[in-house]
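Structure first, commentary second.
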Amino acid sequence: MADTAGPDRDRAGWAPLFAAWLVALLASLAVLFVGEVMGQTPCNLCWFQRAFMFPLAIVLGVAALCTDTAIWRYGLPLAVGGLLVAGFHSLLYLGVIPERITPCTEGGVSCTSADMTILGGLPLPLLALAAFGAIAVLLFIARSRNPT
């Protein structure tokens, strides 16, 4: 029986891993741009999302560099945690959850204000939800291509 592990198998999982790192890196750079260059103060929920996204940019970058598809064991909990916070934040932004039950209005920016959009109306909470969702899906793909 032939050994199915090896360089070809590792390369198959590298592409989605690299893509997940790019999503995390771009999301991290985007929130830094919005906060530091555009001067938009992040709300409390944005801070929690950053706490999940920034480590993902680092660990996924190292994993992509080393072609370590086993990173899904560590990256997926970060992506799912961020996905949960971003999901709550998106529901709040869309008005499904009333704003009065969130800490966003206590000393932070309101999650439903116009400041929560970039590039002509793209809502930051929904972009964060898409980024965390894409990272989670890409990690599942990387895992399925090299289930070590």
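These figures come from a predicted structure and were not determined experimentally.
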Verdict with reasoning, Tyr74 to Ile71, per side-chain contact (heavy atoms from CB on, under 4.5 Å): CA-CA 5 Å; Tyr74 311 106; Ile71 189 64; 4.1 Å; yes
Cluster overlap Leu91 with Phe88, hydrophobic side-chain contacts below 4.5 Å: yes
Shared hydrophobic cluster for Val37 and Val31 (ILVMFWY, side-chain gaps under 4.5 Å): no
Rounded distance [0.5 Å steps], CG in Leu45 versus OH in Tyr93: 14.5 Å
Atom of Ala57, atom of Ser28 and distance for their closest heavy-atom approach: CB-OG, 3.7 Å
CZ/Phe54: more than 12 non-hydrogen atoms of other groups inside 6.0 Å: yes
Reported CG-to-CG distance for the pair Leu84 and Leu129, which is rounded to 0.5 angstrom: 10.0 Å
Gap between atom CD1 of Ile58 and atom CH2 of Trp21 - 0.5 Å precision: 12.0 Å
Closest non-hydrogen atom pair, Leu78 against Phe52: O-CD2, 3.3 Å
Test log, rule side-chain contact (heavy atoms from CB on, under 4.5 Å), inputs Phe132 and Leu56: CA-CA 10 Å; Phe132 282 116; Leu56 275 170; 4.0 Å; yes
Pair Leu139-Leu60, side-chain contact (heavy atoms from CB on, under 4.5 Å): steps then yes or no: CA-CA 10 Å; Leu139 287 174; Leu60 291 174; 3.7 Å; yes
Leu17 CG to Asp68 CG distance, which is reported to the nearest 0.5 Å: 7.5 Å
Atom of Ser90, atom of Pro125 and distance for their closest heavy-atom approach: OG-O, 3.1 Å
Shared hydrophobic cluster, Phe18 / Leu29 (ILVMFWY, side-chain heavy atoms < 4.5 Å): yes
Shared hydrophobic cluster for Val23 and Leu26 (ILVMFWY, side-chain gaps under 4.5 Å): no
Non-hydrogen atoms of Ala128 and Ala86 that approach each other most closely: C-CB, 4.0 Å
Exam field: side chain Thr69 to backbone Arg143, donor-acceptor pair closer than 3.5 Å: no
Which atom of Phe48 lies closest to which atom of Val85, heavy atoms considered: CB-CG1, 4.0 Å
pair Met53-Ile135: side-chain heavy atoms closer than 4.5 Å: yes
